[in-house]
2 protein chains.
Amino acid sequence: MNRTGPVHCRSEQEDPTAMTAAPQLARTAPAAVEAVLDRLRPLLGDRLTTSAAVCEQHGRDESYHDPMPPDAVAFAESTEEVAAIVRACADHTVPVIPFGTGTSLEGHVAALRGGICLDLSHMTAILEVRPEDMDCTVQAGVTRKQLNEHLRDTGLFFPIDPGADASLGGMAATRASGTNAVRYGTMREAVLALTVVTADGRVLKTGRRARKSAAGYDLTRLFVGSEGTLGVITEVTLRLHGIPECVLSAVCPFPGLKAAVDTVIETIQTGVPIARIEFLDANQMRGINAYSGTDYAIAPTLFLEFHGTEAFAREQVGMVEAIAAEHGATGFQWAETLEDRNRLWQARHNAYYAGLALKPGAKGFSSDVCVPISRLADCLADTAEDCAASSVVTAIVGHVGDGNFHVLFIVDPDAPEEVAAARALNDRIVARALAMEGTCTGEHGVGYGKMAFLEAEHGPEGMAVMRALKVALDPDDIMNPGKIVRV
Amino acid sequence: MNRTGPVHCRSEQEDPTAMTAAPQLARTAPAAVEAVLDRLRPLLGDRLTTSAAVCEQHGRDESYHDPMPPDAVAFAESTEEVAAIVRACADHTVPVIPFGTGTSLEGHVAALRGGICLDLSHMTAILEVRPEDMDCTVQAGVTRKQLNEHLRDTGLFFPIDPGADASLGGMAATRASGTNAVRYGTMREAVLALTVVTADGRVLKTGRRARKSAAGYDLTRLFVGSEGTLGVITEVTLRLHGIPECVLSAVCPFPGLKAAVDTVIETIQTGVPIARIEFLDANQMRGINAYSGTDYAIAPTLFLEFHGTEAFAREQVGMVEAIAAEHGATGFQWAETLEDRNRLWQARHNAYYAGLALKPGAKGFSSDVCVPISRLADCLADTAEDCAASSVVTAIVGHVGDGNFHVLFIVDPDAPEEVAAARALNDRIVARALAMEGTCTGEHGVGYGKMAFLEAEHGPEGMAVMRALKVALDPDDIMNPGKIVRV
């Protein structure tokens, strides 16, 4: 647990101003790609394309990392089609890069060696909702908003909310979480079972619908967070939750960062099952006011939400208000109606775009560390100081109930010194989190953007085991190659 | 999700009356074992033994499966010693069988190919408790009762309770759960990180203490439930929980099995965060009265527990009492004091021994299926009918909030027809659970006792992936060989 020495994550050969360059891996031989295309055309017709515009769009996510287009994009409509596509690629050793909504943030979908992008966004069938078991099975391309819309009349909802309207297959593949994770867990807890097409084109069911099982290795958790590097997730069975009888949301400014974070820490330690507790720094609040037309105080702020029966939700509110008052907070601003609540959380969800509004014309990229809650106050305070001393415009926002926060770096991509300063800041934030027994990514995942930090986090032993798993399940390295571990 | 055809789990060559015979695998060459012993003697001194009595005891768990002694037992005191032992065994291709308290139930510790039993029961150091993070790190030999005793003054507790006072390393290795899992989850959720000695004798930290991470493959969950077949767990970092302000426990008889189970199902569906909800059939209650000297009604019964603030615990009670009343239950019997509560749960925990009291001189073995909650009423009713029609004495007890239940078969081991009937009943219970999208083991694990059912549950694709993982991480098949998957 104590790998707390200095963290040297990057090689000396790298250009420090080229924050986001995709690694240069050998491109797949055109003849192999052609052979796959010839085989797939009869199956997919115009759902197989080599259009430059479509390929360009599919090699790019929402991050600032360099995109890399695939050689072709295949739009699959069923698990069987995915299996046929993977088998064709396996036969010719051509890479397969799964693609959901393209909202990932670490270069996950960049086709580093070319190959076939497997777009699952047509797989939008909600296969089964079982209200009596509080679970459902959906195709991988169903988005979280589509699912919640579909569930509206059942009294159930799917709580995991990473901000973007991501596909549930993609959320499983990246172990996504977001604002509700403090109460409802992450995709690690939400996924009951998966259907996965393995690297040899076989269809695997990773588990059954029982709430628990001790029947062998945990294949479900092996594929959750594997980012398409071990197989393609085509169907997801998810736990659902009852819509709470009572939902109470509030915004509360604090006299300082430490007061806000200490309120979070005490709330968690008191065992209040708070549904959301989000931190935003003063810069972030300034951006939100500018972007969303709100007039929140420009101060370190918590956005909070409480779920339960009315009596229990109000009891939780009383406990948290008391804790906040001890830390000098006085101005709880309640959102009483559904519309007010939606407006409040929409403002929170727009944090990224609001951050960009702090510096017109700039682009943003986001750090994503997570530390044990006892270290959160120190980690955030040191980070805020580091940010203030830097030339980079930053905004901080965090799912602080989990110890997870993001620093948004708002930089001019054409100013190399800004890019280099942001990159150095990001490296220091990761090193600080690792030194505090934290992780280099709480929820965004590895893609190719975070690979440089993995060995510092997991040590050579952890990387050796990850590499062994990758080689065992994808011996020809065709599944989203060049991500998580390089073999 | 729909592998619901007929389940043929056992080969035709097997003797149906030999319910528990250990598989006959080739024993390790004595010269190889001798070479390991020669190497380990200087390190371990009298903590290395080939005493027949000690070996006999270490090849046996609490189940009715045939034991199989190792060639020697090594008592390790540190991760470094475990690593040295594993390296010696790896160099000579000698099996390593980890041993905690020997309370497993599926032949997990039987040394099917001989080799070295690695006893971790001396590793009882509580390395660190971090109340502010609500977590702790312990050596693998610490038992759950030892940990809770140690935590007594911190206001925290470790909730997972499989009945036996098992070691926490063993509980992690078998993905244990028990009565509190409906509220607090299983070892899958409780383990934050592990220290594992891999098959090549390296020391792996599977994760950090952050509550969530998206940094690569989920190594922690890979080793949780791997039953010593991928590595030896030497340290466990666990989530802890605040001792609830208020704990309320009750026993309630029901007019019939269906009334009790429907009460459970509605309670779960209503979202009441009940801490324990345990079902016991009339036979089991008769055994408990005989064994524990209690005078509970001889009827299908629920044992319940509620945790929370006083107001919230009482609110939960009100909701469940209302549901139970709709199903004809009238006699909630409350345990008001800590002593009364302990007596109540001790009676529940003694269910296994109480079951044996139903037939003096008999031995017991236990089924362990888990189904989606919507199928629980049907699964239990069909199983109860099947048991009633059989010649075998049975008692049913279950962690029904999770859909998990056990049928205890109480048989004369010297009566082959009883053994055969119990074995056939067990096969039918597993087949029924699998047909209902359930699992062959909710919490006892696979060992060698449940291997015959794994392919029916996971399909050839699942078994192929499990085998690939085993070969990747233990290429020489020295880690608890012959369990979970045979390679």
Side-chain angles (χ1 to χ4, degrees), chain A residues 1 130 132-133 137 174-175 177 181 186 189 202-205 208-219 221-222 224-226 242 269 271 309 311-312 315 370-374 402-404 437-446 454 457-459 461-462 465-466 468-469 472-473 484, chain B residues 1 130 132-133 137 174-175 177 181 186 189 202-205 208-219 221-222 224-226 242 269 271 309 311-312 315 370-374 402-404 437-446 454 457-459 461-462 465-466 468-469 472-473 484:
Chain A
M1 299 291 97
R130 307 170 200 89
E132 67 287 5
D133 286 320
T137 301
T174 53
R175 206 181 293 124
S177 47
T186 72
E189 287 78 32
R202 302 220 283 175
V203 178
L204 166 72
K205 309 274 189 180
R208 286 163 163 263
R209 289 203 302 112
R211 285 290 160 129
K212 65 183 199 185
S213 171
Y217 306 144
D218 191 341
L219 300 184
R221 253 52 58 184
L222 178 67
V224 170
S226 65
Q269 289 172 350
T309 57
F312 185 47
E315 187 181 28
C370 186
V371 296
I373 194 99
S374 68
D402 299 313
N404 182 205
E437 300 184 72
T439 176
C440 70
T441 170
E443 56 182 15
H444 292 172
V446 179
L454 272 201
E457 177 158 345
H458 294 291
E461 300 82 9
V465 172
M466 288 196 199
L469 297 176
L473 299 190
I484 299 186
Chain B
M1 299 290 98
R130 308 170 200 89
E132 67 287 5
D133 286 320
T137 301
T174 54
R175 205 180 294 125
S177 47
T186 72
E189 287 78 32
R202 302 220 283 175
V203 178
L204 166 73
K205 309 273 189 183
R208 287 164 161 263
R209 289 203 302 113
R211 285 287 160 132
K212 65 183 198 184
S213 172
Y217 306 143
D218 191 341
L219 301 184
R221 253 54 56 183
L222 178 67
V224 170
S226 65
Q269 290 172 349
T309 57
F312 185 47
E315 187 181 27
C370 186
V371 296
I373 193 100
S374 69
D402 299 313
N404 181 206
E437 299 184 72
T439 176
C440 70
T441 170
E443 56 182 14
H444 292 173
V446 180
L454 272 201
E457 177 158 345
H458 294 292
E461 300 84 9
V465 172
M466 289 197 198
L469 297 176
L473 299 189
I484 299 185

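Below, read A as the first sequence line, B as the second, and so on, with proteins coming before strands; counting in each chain starts at 1. Small disclaimer: the values here were computed from a predicted structure and weren't measured.
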Between Val446(A), Val371(A), Leu219(A), who has the most heavy-atom pairs with chain B when the cutoff is under 4.5 Å?
Leu219(A)

Of all of Gly242(A), Gly403(A), Gly442(A), Cys440(A), which one pairs up most often with chain B through heavy atoms under 4.5 Å apart?
Gly442(A)

What option among Ala468(A), Gly216(A), Ala181(A) has the most heavy-atom pairs under 4.5 Å with chain B?
Gly216(A)

Between Asp402(A) and Lys212(B), is the closest basic N to carboxylate O distance under 4.0 Å?
yes

Among Arg211(A), Arg209(A), Glu132(A), find the one that has a side-chain contact (heavy atoms from CB on, under 4.5 Å) with Pro372(B).
Arg209(A)

For chain A, which candidate among Leu454(B), Val224(B), Thr174(B), Leu204(B) shows the most heavy-atom pairs at distances under 4.5 Å?
Leu204(B)

Is it the side chain or the backbone of Glu443(B) that comes within 4.5 Å of chain A heavy atoms, both, or neither?
both

Arg208(B) side chain to Gly438(A) backbone, donor-acceptor under 3.5 Å:
yes

Residues Ala215(A) and Glu457(B): closest non-hydrogen pair is CB-OE2, 3.6 Å

Can you see which heavy atom on Glu315(A) is nearest to which on Phe312(B), and at what distance?
OE1-CB, 3.9 Å

Side-chain (Asp218(B)) to main-chain (Leu222(A)) donor-acceptor, under 3.5 angstrom
no

N/O donor-acceptor pair under 3.5 Å between His458(B) side chain and Lys205(A) backbone:
no

Region of Ile373(A) in contact with chain B, defined by heavy-atom distances below 4.5 Å
both

Looking at Ser226(A), Cys370(A), Ser213(A), Ala472(A), which has the largest count of heavy-atom pairs under 4.5 Å with chain B?
Ser213(A)

